[in-house]
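Taking it in order: structure first as structure tokens, then the write-up.
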Amino acid sequence: MLASASASASFLPRPKPKPHLLKRLASALTPPSPLSPSTGADPDPDQDPTPLFLRPPAHPVPAPSLAAFRRRAAALVPPSAPHLHRHLRWLLADAAHDPDADPALLRAPLGDLEALWLRHVRDRRPFQYVVGNEHWRDLVVAVREGVLIPRPETEAVVEMVGRVEGFEAGWWTDLGTGSGAIAVAVARMLGPEGKVFATDVSEVAIEVARLNVQRYGMQDKVQIRHGSWFEPLEDLKGKFMGVISNPPYIPTDDLPGLQPEVGWHEPKLALDGGKDGLDHLLHLCEGLSSVLKPGGFFVFETNGNKQSEFLVDFLSTKWDSSFHDVEAVLDFADIKRFVTGYRR
């Protein structure tokens, strides 16, 4: 999912054809067991969990010392990775109130910045975890290890919501909200009656999502609920205009082939979709009709063409009496990345 500072789905392994998928559909009625939310690389227990860009600039550093750090950091960048020089500029921009001042006021001690840079260059820690944010749509979304980094292709989900007639007054749910990026972006488009109910099984994700909701003043528009998929929404069945989800969809056997920035650091809980990558997607399909009101819209992100085509066929056959206009939607790379439809 993540290539460098920005993310792209293009490097994800294409799902291999899997025989006898239909034999597995019955198991979709039972929600998959949550995986251990291990990131693959344990965060430093002494590390300040506050995103770097939100910390106060309370650490004065003489200009010569900051310049020396720049030189040391740049010297670690191999010739094959020019993008890391860009990351270094961004790190200093986030870390310093004014990098050209003397002394410069940093948001972390210089030694901590050096350690963060080493983890990025040598341990392949995603840059978004280093600085604690990702620029997504018109938002600066706080992230940290244990929470999936929002991807550019997922921005299309918000655009799809905005094209649904009357979406502004509806109640929406963002299942597996992660950082809360989708929930906040949708909430900012809603009218006075509109609301977003965001769920996640990960306590870390819940904490980060609440931070992002508060930062954008969306507390009255977004309600965060802790739990697995539909479970926290029992009191709201049949009341939603829309269901949104970017669930784990990578086949388990494909996880070792992910880029180190993803496979070593991002939460397996948010990546692993089971044997075929379909465990969570099928569970979401099975629960849709119970939460959507008539005319309600849904959009799921998938691993690409084969998954999307399979789900369209599944919903159009097994659930033909419940949904209509089910289709696969292309992302910016012309991959069938999303599945959408409406409740009858």
Side-chain angles (χ1 to χ4, degrees), residues 31-32 34 37 136-137 139 141-143 146-148 150 154-248 269-270 280-281 283-301 322-323 338-343:
W136 192 81
R137 281 179 58 86
L139 306 175
V141 180
V143 294
V147 177
L148 192 74
T154 308
E155 296 179 10
V157 168
V158 182
E159 305 300 329
M160 294 180 213
V161 169
R163 291 194 289 268
V164 175
E165 184 177 355
F167 81 91
E168 301 96 331
W171 285 11
W172 295 80
T173 181
D174 176 22
L175 302 174
T177 193
S179 66
I182 293 174
V184 171
V186 170
R188 281 156 57 93
M189 303 191 304
L190 298 179
E193 298 177 1
K195 289 185 180 297
V196 179
F197 294 81
T199 75
D200 207 292
V201 73
S202 163
E203 293 183 1
V204 176
I206 290 293
E207 182 180 337
V208 173
R210 283 180 175 149
L211 170 63
N212 284 313
V213 168
Q214 292 167 3
R215 288 184 55 241
Y216 284 96
M218 292 288 109
Q219 297 94 317
D220 294 337
K221 306 294 292 181
V222 180
Q223 186 177 125
I224 306 291
R225 295 190 175 191
H226 184 216
S228 178
W229 304 125
F230 300 103
E231 290 174 3
L233 305 174
E234 286 291 326
D235 58 322
L236 299 172
K237 285 187 173 181
K239 296 183 179 181
F240 287 105
M241 170 176 277
V243 172
I244 308 162
S245 187
N246 177 18
L269 182 69
H280 299 283
L281 282 161
H283 178 63
L284 292 173
C285 289
E286 295 283 358
L288 268 180
S289 60
S290 68
V291 296
L292 281 175
K293 65 181 184 180
F297 172 78
F298 69 88
V299 53
F300 299 147
E301 184 170 324
S322 298
F323 305 105
F338 310 99
V339 174
T340 67
Y342 292 85
R343 178 85 160 87

What's the shortest heavy-atom distance between [X] and [Y], and which atoms?
X: L288; Y: F230; value: N-CZ, 3.9 Å
X: S290; Y: K237; value: O-CB, 3.3 Å
X: A198; Y: V222; value: CB-CG1, 4.4 Å
X: W229; Y: P247; value: CH2-CB, 3.6 Å
X: E168; Y: M189; value: CG-O, 4.0 Å

Is it the case that the side chain of [X] and the backbone of [Y] share a donor-acceptor pair, with hydrogens and angles ignored and the cut-off at 3.5 Å?
X: N212; Y: V141; answer: no
X: K221; Y: G191; answer: yes
X: S245; Y: L175; answer: yes
X: H226; Y: T199; answer: no
X: D200; Y: T177; answer: yes

State the [atom1]-[atom2] distance between [X] and [Y], to the nearest 0.5 angstrom.
X: M160; Y: F338; atom1: CE; atom2: CZ; result: 4.5 Å
X: Q223; Y: L233; atom1: CD; atom2: CG; result: 9.0 Å
X: L281; Y: N246; atom1: CG; atom2: CG; result: 9.0 Å
X: T173; Y: L292; atom1: OG1; atom2: CG; result: 9.5 Å
X: I244; Y: T340; atom1: CD1; atom2: OG1; result: 12.5 Å

Residues which pass salt bridge (charged side-chain N to carboxylate O under 4.0 Å, His left out) with R343, listed by chain and number, not counting sequence neighbours: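 For R343, no residue satisfies salt bridge (charged side-chain N to carboxylate O under 4.0 Å, His left out) once neighbours in sequence are set aside.
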
R225 and E234 ion-paired at < 4.0 Å: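 No salt bridge links R225 with E234.
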
Test of ring centre spacing under 6.0 Å for F297 and F167: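 No, the ring of F297 stays outside the 6.0 Å limit from the ring of F167, centre to centre.
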
Sub-4.5 Å side-chain heavy-atom contact between [X] and [Y]:
X: F298; Y: C285; result: no
X: P150; Y: V143; result: yes
X: L190; Y: W172; result: yes
X: M241; Y: K293; result: yes
X: W136; Y: V184; result: no
X: K195; Y: K239; result: no
X: V147; Y: S202; result: no

More than 12 heavy atoms from other groups under 6.0 Å of CG on D220: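 No - once you tally the heavy atoms of other residues, nucleotides and ligands closer than 6.0 Å, there are 12 at most.
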
Whether W171 and F197 hold their rings parallel, tilted or perpendicular, with breakpoints at 30° and 60°: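 The arrangement is tilted - the two ring planes meet at 30° to 60°.
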
